[in-house]
Amino acid sequence: MESMEIDRGNTPPGGEKGEELKQIILVLIGLPGSGKSTFCEEVAKVSSRPWTRVCQDAIKNGKSGTKIMCLSVAAAALEDGKSVLIDRCNIDKEQRADFLKLGSSETEKHAVVLDLPNSLCISRSVKRSGHEGKLQGGRAAQVVNHMAPKKELPKLSEGFNRIMFCYNEKDVKEAIKLYGSLRLCDSLPSGCFGQKSLDSMVQVGIRSFFKKQDTSGNAKSVPEDSGNQGAEAGSHTAGDALEKKGKFDKVVVTTSTSGSTASCCIPTLAFPSISTADFQFDLEKASDIIVEQVEEYISRIGEAKLVMVDLSHGSKILSLVKTKAAKKNIDSNKFSTFVGDITQLRSGGGLSCNVIANPTNREIKPGGGGVNAAVFKAAGFELEVATKERAEKLAAGECVIVPLPSSSPWFGAEGVTHVIHVLGPNMNPKRPDCLKDDYTKGCKILREAYSSLFEGFVSIVKSYGNEDQNGKRTAPFVPEKNKKSKGSSSPLSKSGVNNQNQVEQGSTTKTWNPWAQALHKIAMSPGNHKDVVLEVSDHVVVIKDSYPKAQQHLLVIARCHGLDSLADVSGEDIPLLKEMHDVGLKWAEKLILKNKSLEFRLGYHSIPSMRQLHLHVISQDFDSTHLKNKKHWLSFNTPFFLDSVNVIKQLEEDGELRLGNESFFDGVLRCHRCLSVNPNMPKLKNHLRSCKYPLAVLIQSGYLISSEGKYR
DNA sequence: GTTCTAGAAC
DNA sequence: GTTCTAGAAC
């Protein structure tokens with residue numbers, strides 16, 4: 001876990017008794033005259049931590065000694081609970097190796113490289129007088145010139161936890177400030193910092209580095225996403241980063257014999273209107289919701305299809321939906337209406353639908369006179385048994401996916417593989433749970449019901465897909481009788497109930513409450529949220545955070561399906577993360593142009609509250625009425641907040657991310673500038689208004705974007 | 001994520 | 001008494 005955060009313990013300045021001591025071996029690396037001794041003196045002067053300086057030039061009663069002496073003194077100091085500064089040139093790997101063997105596995109091994117220009121080192125060492133090692137005057141120049149070519153920069157692989165590179169006096173000052181501010185229990189983020197090298201991501205000009213990468217280049221070409229609409233569909237690269245787990249852009253469907261496209265093999269969901277029959281929901285309102293939800297989900301089902309079915313020819317709801325869908329230009333190849341018996345679609349109407357939605361009752365039992373009774377009758381007792389295994393009851397707005405046993409008559413006769421039972425809102429006073437004309441609640445529940453239903457269908461579609469090595473789904477969809485249904489792995493809660501809030505994440509299921517879906521909805525249908533959207537592209541949406549925690553707080557939201565949070569991110573998402581970073585950086589710069597005092601940090605919450613991967617672009621004033629509680633503060637000011645640069649770096653180097661956890665919310669309220677501890681939020685906020693201390697660690701780590709440079 | 005509010009802390 | 005936190009509900 002890398003972060004700006006110095007303190008990993010919850011301690012007031014100076015630490016407290018009994019707290020974990022973080023010992024450090026700090027190996028200074030630099031030519032004579034590079035400023036190693038000054039560095040040590042300055043750190044020791046301001047630090048509250050006990051440091052022992054181990055200086056080879058003065059180790060023998062003020063005179064020059066040997067490396068072995070240094071090792072011995074350092075070992076004794078560490079034994080004594082002190083941290084040590086190894087003040088010798090340590091110019092190559094071999095020189096450093098023995099010092100890295102000191103201490104325990106708990107001891108942090110740091111290097112500070114004072115890689116100042118040779119000319120400066122020579123000039124300083126020549127001019128100095130009273131040098132401990134008597135290396136001054138003309139001989140000093142000789143020594144520096146002799147040593148310079150042997151200089152071997154340190155690497156983490158030598159055994160360092162952290163390496164910090166300084167190239168000028170400003171860098172050195174920052175490093176002194178950083179180490180000088182470390183208290184007993186503090187530790188610093190691991191990794192290389194400040195290195196001048198293009199292959200180091202913690203660099204000035206990271207943006208231009210990103211730009212050199214073809215952000216679309218390593219995504220494979222994918223077929224056009226016919227589900228995207230308007231501005232979203234313009235680019236032929238639209239699918240690049242969107243081609244994701246869970247996304248089903250193009251299903252190449254062939255029959256096993258002829259290889260020709262066969263509609264009978266395309267996953268299709270047949271659904272009747274929910275709640276408009278016995279539950280007496282207003283038809284106009286219901287049709288609006290149906291079309292809205294179809295529009296939202298149609299881009300997620302690839303070539304799978306949705307068919308709305310009604311038994312009667314004069315069905316008003318069917319007609320309303322048909323008209324409204326046409327007005328919205330919803331692809332009629334993917335969504336259509338059908339008049340017929342939902343239990344006999346294939347045999348009676350030649351329409352193969354492998355998934356049937358059943359508007360059921362609270363107990364999910366046969367009964368009533370409508371579709372529910374007909375479905376249970378057609379599917380036989382097998383459906384009742386299979387349903388009972390999954391859920392006993394449903395709440396309004398929820399659904400449950402039931403894989404149909406192959407012994408069910410419906411399976412053989414109609415090719416139905418799954419039934420999705422769904423319960424809508426009831427507006428009929430003669431039935432239980434009547435909402436008594438409360439259409440605010442009713443619409444919300446009906447929307448949830450369709451959303452749950454379609455989300456369930458998406459999960460079934462996913463379960464049918466077989467991916468080849470390129471991640472393309474090529475296998476035909478054939479409901480084999482003997483094929484073990486993966487429907488059982490559909491997102492189900494303990495109760496067996498599914499709703500749109502549950503999403504598979506790797507082997508686990510993450511629950512997203514309805515309130516946590518707002519960003520997801522914006523990402524999927526930015527056109528419906530024009531009031532809040534600042535920018536839309538094929539892969540990202542930018543919005544202002546509705547509850548900003550600072551003067552400026554934007555979110556760059558990924559538009560990719562299947563990327564709910566960092567937990568879903570893998571190496572293949574690096575181009576998308578870089579694009580998000582670039583967009584975030586662009587907005588930060590734009591805002592800085594308007595207000596030069598703003599400083600920004602770009603990063604992700606380890607465990608976000610809101611669904612859909614989003615990058616925070618947040619100014620570091622934290623001046624906002626919406627910053628109210630401890631969690632707000634700690635989520636941006638502990639390693640729970642992962643800097644975008646670091647996320648990308650970790651993925652590139654390790655192929656995986658080290659996420660923070662909620663234990664950070666137990667921490668103290670420490671000012672991110674001066675590191676002072678504040679007893680509560682109001683006091684912290686009051687303190688923040690006046691604290692002008694520079695954001696030393698952020699600057700040093702290269703995480704801060706300010707008017708003085710993208711990364712100072 | 002926010003809002004509301006009981007009750008703990010001051 | 002007021003301030004502040006934290007848990008429940010949404």
Side-chain angles (χ1 to χ4, degrees), chain A residues 10 12 395-398 423 425 433 435 438-449 451-452 493 495 497 499-503 505 510-526 529 531-533 541-550 552-558 563-568 603-618 622-638 640-642 659-671 676-689:
Chain A
N10 305 328
E398 288 182 340
L423 182 63
D433 300 330
L435 292 174
D438 181 355
Y439 269 98
T440 309
K441 207 168 182 183
C443 287
K444 184 170 171 268
I445 295 173
L446 190 64
R447 195 170 280 117
E448 282 173 10
S451 183
S452 301
S493 69
S495 66
V497 174
N499 61 32
Q500 82 275 27
N501 312 325
Q502 291 178 329
V503 180
Q505 278 192 337
K510 162 85 183 177
T511 300
W512 296 98
N513 286 312
W515 51 258
Q517 307 275 3
L519 302 183
H520 177 73
K521 286 187 190 297
I522 292 170
M524 295 309 137
S525 330
H529 303 86
D531 50 332
V532 293
V533 170
V541 181
V542 183
I543 62 163
K544 272 192 177 189
D545 194 301
S546 305
Y547 299 90
K549 305 300 182 293
Q552 294 294 345
H553 186 182
L554 308 185
L555 301 177
V556 181
I557 313 169
L563 273 190
D564 288 343
S565 72
L566 280 185
D568 300 314
Y604 300 86
H605 281 153
S606 291
I607 307 164
S609 299
M610 305 293 281
R611 178 180 179 193
Q612 198 64 19
L613 182 69
H614 54 281
L615 172 73
H616 291 270
V617 178
I618 184 163
F622 292 103
D623 175 9
S624 165
T625 52
H626 297 291
L627 184 81
K628 289 177 177 170
N629 61 43
K630 211 172 166 182
K631 187 177 175 182
H632 289 157
W633 177 254
L634 296 171
S635 70
F636 288 102
N637 290 286
T638 63
F640 186 84
F641 187 81
L642 302 173
L659 301 179
N661 57 56
E662 294 186 343
S663 66
F664 289 114
F665 300 151
D666 297 331
V668 292
L669 297 170
R670 196 184 289 285
C671 169
S676 64
V677 175
N678 293 265
N680 54 45
M681 280 305 290
K683 294 219 165 56
L684 171 69
K685 292 187 74 177
N686 197 37
H687 167 83
L688 292 175
R689 278 179 212 117

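Letters A, B, ... are given to chains in the order of the sequence lines, protein chains preceding strands, and every chain is numbered from 1.
- Residue contacts shown for A:His632 are limited to sugar-phosphate atoms, with no base heavy atom under 4.0 Å away.
- Between the P atom of B:dC4 and the OH atom of A:Tyr547 lies a distance of 10 Å, rounded to the nearest Å.
- Shown here are the side chain to side chain donor-acceptor pair (under 3.5 Å) partners of A:His614, two or more places apart in sequence or in another chain: there are none.
- Annotation: ring pair (Phe, Tyr, Trp, His ring centres under 6.0 Å) contacts of A:His626 (sequence neighbours excluded): A:Tyr547.
- For A:His626 and B:dG1, the NE2 to P distance is 14 Å, given to the nearest whole Å.
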Please tabulate the protein-to-nucleotide N/O contacts below 3.5 Å involving nucleotides 6-10 of chain C, giving atom names and distances.
from	atom 1	to	atom 2	distance (Å)
C:dC10	N3	A:Trp515	NE1	3.3
C:dC10	N4	A:Trp515	NE1	3.1

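- When side chains are defined from C-beta on, A:His605 does not count as touching A:Met610, because their heavy atoms never get closer than 4.5 Å.
- Put simply, NE2 on A:His614 is 9 Å from C1' on B:dG1, counting in whole angstrom units.
- Here A:Lys441 lies out of heavy-atom contact (under 4.0 Å) with every strand.
- Qualifying side chain to side chain donor-acceptor pair (under 3.5 Å) partners for A:Gln552, counting only residues two or more places apart in sequence or in other chains: none.
- Rounding to whole angstrom units, CZ of residue A:Phe665 and P of C:dT5 are separated by 16 Å.
- With sequence neighbours left out, the side chain to side chain donor-acceptor pair (under 3.5 Å) criterion links A:Ser624 to no other residue.
- The interatomic distance linking A:Lys631 (NZ) with B:dT2 (C1') rounds to 12 Å, in whole Å.
- Under the side chain to side chain donor-acceptor pair (under 3.5 Å) criterion, A:Asn680 pairs with no residue at all, not counting sequence neighbours.
- The nearest whole Å value for the distance from the CH2 atom in A:Trp512 to the P atom in B:dT2 is 15 Å.
- No side-chain heavy atom of A:Ser635 sits under 4.5 Å from any side-chain heavy atom of A:Phe641.
- Rounded to whole Å, the distance from NZ on A:Lys628 to C1' on B:dT3 is 8 Å.
- Summarising the geometry, the separation between NZ on A:Lys683 and C1' on C:dT5 is reported as 13 Å, rounded to the nearest angstrom.
- Distances shorter than 4.0 Å separate none of the side-chain N or O atoms of A:Lys685 from OP1 or OP2 on C:dT3.
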